[in-house]
Protein chains: 2
Amino acid sequence: MAKTDWKSEAKSLKKKVKKLKARVMGTEIGAATAAAPKAKKAKPVSPLAPKGGFPKLPLIAGVEFAAVEAGVRYQNRKDVMLVRLAPDTAVAGVFTTSSTRSGCVRDCQTKLAAKVPAGTGAAIIVNSGNSNAFTGKVGDQAVAAVTGSVAEALGIPASRVFSSSTGVIGEPLPYEKITARIPDLVAALREDAIEMAAHAMMTTDTFPKGAAATVQGDGGPIHIAGIAKGSGMIAPDMATMLVYIFTDAKIAPAALQKMLSRNVGATFNSITVDSDTSTSDTLLLAATGKSPAAPVTGAVAKAFESALRDVMRDLAHQVIRDGEGATKFVEIRVTGARDDADAARVAFAIANSPLVKTAIAGQDPNWGRIVAAIGKSGAEADRDRLTIRFGDILVAEKGWRNPKYREEDGAAYMLGEELVIAVDLGLGRAKRSVWTCDLTNRYIEINADYRS
Amino acid sequence: MAKTDWKSEAKSLKKKVKKLKARVMGTEIGAATAAAPKAKKAKPVSPLAPKGGFPKLPLIAGVEFAAVEAGVRYQNRKDVMLVRLAPDTAVAGVFTTSSTRSGCVRDCQTKLAAKVPAGTGAAIIVNSGNSNAFTGKVGDQAVAAVTGSVAEALGIPASRVFSSSTGVIGEPLPYEKITARIPDLVAALREDAIEMAAHAMMTTDTFPKGAAATVQGDGGPIHIAGIAKGSGMIAPDMATMLVYIFTDAKIAPAALQKMLSRNVGATFNSITVDSDTSTSDTLLLAATGKSPAAPVTGAVAKAFESALRDVMRDLAHQVIRDGEGATKFVEIRVTGARDDADAARVAFAIANSPLVKTAIAGQDPNWGRIVAAIGKSGAEADRDRLTIRFGDILVAEKGWRNPKYREEDGAAYMLGEELVIAVDLGLGRAKRSVWTCDLTNRYIEINADYRS
């Protein structure tokens, strides 16, 4: 074995130390330029990812999936996925309210509003790497080209092909890369490829997200299976990221839409990573009606809606668990508000406060910042009626610190990976829970380097 | 000279690399606990600090300053400052609108509302290290004790003693440490100690902030000198951080208050570091009337107000230049909005977007995130009328990227320390400029470690 040259090793290590120090001080970020792209690091999976990996999802009769490598932006990974939905599938959707929403979103909205009969079947096509947002008329043409190609390949009207694009905003979508692969996608369609589809739509996600439920219907089981993508730019406003949920239930489109809309508030509209709302948020729910069970009504409808809400909440929580740079999964639980709007204001003011989120990253039970966030929220609040708890620990009440509260207890609590911060305003009966994550250096790194 | 042991040096460097790597990955922040406080690093001065250090401020006749080390929280530095104002000084103020504002703020508001005649003189006392916010009735008693002691020592009514506290929220203020030093403060009062006072109120600030102006009055010059503290928790709402402005102008309290209130919108209420509003925001303006010039009216009043606004804007900009972790000073300039409210919504949505701010930190001309921020703002916006510029560079117009825009130009522009991001909505004539900074790892470090 050759003798180690410790001198030159020490010199090279010194350089490494210098470089790392610069990075810690944030100066390397300052020195990066878009002109000099850096090699991407392998993404470690979020520490908050559900244990056991992607769940086993039931097959949904009438739904098939495929995914291919089209090279839209990413290389060496699948980046386009196609879903074929059987004839008579009811489709419902909720979308971002952004005034700069993408061409795909506008197109989906127009198609759903047209209420085309479901007899022909339908399809969903999604690409990652480019959001085709703020790409003007060229962007609209790209949507027409992609959905038109899918329609032709599957022999269905373009009015029943829904599309989503997620990734960089403002770059023209190289749609020919997608249309060129549609024959391959169609040839690869399989009932059991939902996990591959979940993978293909990931951008800064570190794991694919899936959730499922089964409900006993009249005459047989009804299955629900959903997938989601989302990690940053997460502050849904009437919808969120990209989410596709499939069921074999028999249910009319109008009833399906109502059920979906009713449950968005307490699920996808109750999560925030960074208070930034995407231009591409899309949530589609498709019901094929292929279950042997009778059409969903009465008690079965209630059970179905409850199971659907569970799947939606599970997927929403997984998005927070994959929040960019997240190391803590945090529930902000507000009670005692004068009305629902105030409860939401307080919950989101806390959940979006950079100072609260950095304190959580530092495992610092800095409840003063929670007080400040409540104060700025604009909601009615009375200092002398406020109660703040970390989990079961009573931190503050009646306008000041609980005399029995010990900082060590708060600090010990903050070491956990799953935290509940509970605030009671003591003014009324309205309440709201929202879910968020901490704000770490990783968030900054991911987002300062995103396009380079 | 002893021979270097390169082997052991290499080994120790390896450990350093490992530690630094962990830090870069954000894991050290995750491992820190409040129970194990770390040694404070020496704070480097913000790279955006005005060159040349603290400006030379004119003496204001009738205003004296003193500062002492009281050890409220910080050691080995001055942390309490006192200002004595001559008899007949008019005082005006604007305060945080937080519903959890501190006892000091409530006390100042009550005293100003009482309109006590100015004949007796007045005083301002400020401590750093503890904000005495959310400390309940004990906090109110602390305010009474501190302002009462100052009143007694100076022989003025307590109703003319204004106080501010800045620092950690929710900890009882050890006010005896302050009252014990009041005789020393009174003994040390000097006309030329304004810089020392600016130092004493710093918390996470990296430099003391001062600004001045002189106006030609009828019969002599009128001077204005102001100081400010603020670095994080900066999103003023009708006021900001701690700011004290002094003038020798002769002007009635009501006119002074109107002038102050009128100019808060375009100055202190147009800056944001992190969208978090402080519980302690206080802006006081004191006019001693000791200038030889005649009372301020007519053209002089106009010139005076304009100079006052310049001082206010200068101090507001310095707060952004000292934004926690800031490496860029950024103006968001919105024009063409339907109305003032929409212009403000768009400007603050961009200025507060973590994704925009991290892109700026990474010197990435990621204008797609600006589009997304406009979209989520809730303001009326039409994709096909939007124009976006970086400085003079036309980036996007009419719903998509300017065909002549070259990414290299945007990237080169982002290397600058002072940036202007201009958005024209193309819908009306309303406009608003706000100032912000980038979001870097340093912000996270400062705020994850703040109390430990």
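In the text below, chain A, chain B and the rest are named by the order of the sequence lines, each starting its count at 1.
Distance check: L355(B) CG to S275(A) OG gives 8.0 Å after rounding to the nearest 0.5 Å. Rounded to the nearest 0.5 angstrom, T100(A) OG1 and I374(B) CD1 are separated by 7.0 Å. For the atom pair OG1 of T440(A) and CD of E445(B), the computed distance is 11.5 Å after rounding to the nearest 0.5 Å. Within the model, atoms CG of N447(B) and CG of L439(A) stand 9.0 Å from one another, a figure rounded to the nearest 0.5 Å. To the nearest 0.5 Å, atom OG of residue S99(B) and atom CG of residue L386(A) are 7.5 Å apart.
Proximity to chain B (any heavy atom under 4.5 Å) is shown, for A373(A), by neither the backbone nor the side chain. With a threshold of 4.5 angstrom between heavy atoms, T135(A) approaches chain B through N, CA, C or O but not through any side-chain atom. If you measure heavy-atom distances from A379(B) to chain A, the contacts under 4.5 Å come from the backbone alone. Looking at V138(A), only its side chain comes within 4.5 Å of chain B, counting heavy atoms on both sides.
For the pair I446(B)/T358(A), no side-chain contact is recorded, criterion being any heavy-atom separation below 4.5 Å from C-beta on. Using a 4.5 Å cut-off on side-chain heavy atoms (C-beta onward), R106(B) and R383(A) make contact. Contact annotation: the side chain of D276(B) approaches that of P354(A) to within less than 4.5 Å [non-hydrogen atoms, C-beta and beyond]. Counting heavy atoms from C-beta on, the side chains of I370(A) and I169(B) never come closer than 4.5 Å.
Chain B forms more heavy-atom pairs under 4.5 Å with one residue of K357(A), R401(A), E408(A) than with any other, namely R401(A). With respect to chain B, the highest number of heavy-atom pairs below 4.5 Å among W400(A), Y443(A), F134(A) belongs to F134(A). For chain B, the option among S131(A), S353(A), G232(A), A359(A) with the highest count of heavy-atom pairs below 4.5 Å is S353(A). With chain A as the partner, the residue from T279(B), I360(B), V371(B), T277(B) showing the most heavy-atom pairs under 4.5 Å is V371(B). Contacts with chain A were tallied for D140(B), V395(B), D438(B), V356(B); D140(B) has the most, counting heavy-atom pairs under 4.5 Å.
By the 4.0 Å N-to-carboxylate-O rule, D274(A) lies too far from K376(B) to be salt-bridged with it.
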